[in-house]
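Chain A is the first sequence line, chain B the second, and so forth, proteins listed ahead of strands; every chain is numbered from 1.
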Protein chains: 2
Amino acid sequence: MDQNLLLAGIAKYVNLDPEEQDYLISVLHYKKIKRKQLILEEGDINNKVTFVTSGCLRSYAVDKNGTEHVLQFAPAGWWITDMRSFTTGQPARLNIDAIEDSEYIYIPKADFEELNTRIPKFEHYNRIIGQNALATYQHRQIDNVTLSAMERYANFCQLYPSLIKTLPQKLVASYIGVTPEFLSKMLNTIIVK
Amino acid sequence: MDQNLLLAGIAKYVNLDPEEQDYLISVLHYKKIKRKQLILEEGDINNKVTFVTSGCLRSYAVDKNGTEHVLQFAPAGWWITDMRSFTTGQPARLNIDAIEDSEYIYIPKADFEELNTRIPKFEHYNRIIGQNALATYQHRQIDNVTLSAMERYANFCQLYPSLIKTLPQKLVASYIGVTPEFLSKMLNTIIVK
DNA sequence: TATTTCTCTTAATATACATTAAGTTTTCGT
DNA sequence: ACGAAAACTTAATGTATATTAAGAGAAATA
């Protein structure tokens, strides 16, 4: 069972004792999913946190026209959650699915809470990565109102150079907030110039 | 010195011992500022966390045309920070100023970190409010790509009923991501119908 | 390998919102 | 209380991006 990526990610911030690590490992669940398979559907309660160990997941919302809007990509080493549903217990607004065959670890909410109270170092880790995520969302919000579509695309390429190579263009379009048609046009008219 | 609002906010989530509370109080700094006064300027390092005790602060970014875009309002009882600058030490992209005469408490970064390591309950509190903030930003991002300007306005009114009464309309416009002219037109043509 | 199902492209038309500008009303600082 | 500054309104014009549609290319599944 490959929890090494998770342990390594935690070890960047805190040093768990062997028994703390064993306790952590004891509450992990392992899953494999195929491309396009959903692990969270709008309306469900998101009662676990999910850590991707291989492949790539994505979270997205669907608008009233049925168009999908990608909120996040989670390649190996990333967490992905509908945080409002997780913290408040409300139905999720997000869907989470696999964009390629993937493997992930999840921790049920009750275990996650107990980990945090019984291992202060784990809670420290979570506070820090929470702050990092918050920083990311704050600046994404600013970018979205401040930059043009082309600038947001350039930004995405800089921030996620590995993703840009593997992702279908329409998913990148959805993430940066334009239609696939417009992104296509934008990229091709630039090259010609 | 009015730290009651802060202590009450923390007490909603954790129960500090008297000596923990004393230690916390010992690192608090108190400030008053006038309307329009800046407490963080783009380019500065945001090396403190700020908790508003009266009045209202706001964070905003300025685009290349000089237009301001409001990221957050912080009335009494709210925290406000450029989280990327705070966590990474990079120069801030955000400005923070007072939209009315205000009072706030701040905690320098070094003290904030020490509070978190020495008082696990304080770190628990921060993890939880961090999760809440993350939930808010995730859904704001979704709302921004999913809803029309009118729907975003309606959303804002629901979420911040107290703010909508006191804020100048142009700041609401900036928060929901439209020009003041467009918001004005939008609101007036609705009423006529 | 064939066939279906996505993905990308191009282009015409449409629209939500921005920009500019000028006038009016409200608020603020002295 | 007064003058200056800020906030709001209206309207004409402009633009970035959406929508629709249809064909070509690529990739997934059987």
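Checking S54(B) against E103(B) by side-chain atom types alone, a donor-acceptor pair falls below 3.5 Å. Donor-acceptor pairing under 3.5 Å is recorded for the side chains of N116(A) and N126(A).
Between the P atom of dT10(C) and the CD atom of Q169(A) lies a distance of 11 Å, rounded to the nearest Å. Summarising the geometry, the separation between CD on E100(B) and P on dT27(C) is reported as 14 Å, rounded to the nearest angstrom. Across the protein-nucleic acid pair, I176(B) atom CD1 and dC17(C) atom P stand 9 Å apart, rounded to whole Å. Atom CG in L171(A) sits roughly 7 Å away from atom P in dT7(C) (whole-Å rounding). The interatomic distance linking N188(B) (CG) with dT25(C) (P) rounds to 14 Å, in whole Å. Between M150(B) atom CE and dT15(C) atom C1' the separation is 18 Å, expressed in whole Å. In this structure, K185(B) places its NZ atom 14 Å from P of dT15(C), rounding to the nearest Å. Note: CD (E181(B)) to P (dA22(C)) measures 14 Å, nearest angstrom.
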Next on the checklist: Under the criterion ring pair (Phe, Tyr, Trp, His ring centres under 6.0 Å), I'd like the reasoning laid out for Y104(B) against F51(B): C-alpha separation, chi angles, the key distance, then a yes or no.
Outcome noted: CA-CA 6 Å; Y104(B) 65 93; F51(B) 180 88; over 10 Å; no

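At least one side-chain nitrogen or oxygen of R35(B) sits closer than 4.0 Å to the OP1 or OP2 atom of dG29(C). Listed pair T179(B) / dA18(C) meets the phosphate criterion, a side-chain N or O lying under 4.0 Å from OP1 or OP2.
When each of T50(B), L6(B), L5(B) is paired with I105(B), the side-chain contact (heavy atoms from CB on, under 4.5 Å) condition holds for L6(B) and for no other.
Linking Ile, Leu, Val, Met, Phe, Trp and Tyr residues whenever their side-chain heavy atoms come within less than 4.5 Å places F182(A) and F156(A) in a single cluster.
When every heavy atom of D63(A) is checked against every heavy atom of H69(A), the shortest pair comes out as OD2-NE2, 2.9 Å. Smallest separation of non-hydrogen atoms from Q3(A) and L28(A): CB-CD1, 3.9 Å.
Note on K36(B): only backbone sugar-phosphate atoms sit closer than 4.0 angstrom, heavy atoms only; bases stay farther off.
Between chain A and DNA chain D, the heavy-atom contact criterion of under 4.0 Å yields a 5' to 3' nucleotide range of dT17(D) to dA28(D).
The residue among S184(B) and R152(A) whose nearest nucleotide of DNA chain D lies closer to the 5′ end is S184(B).
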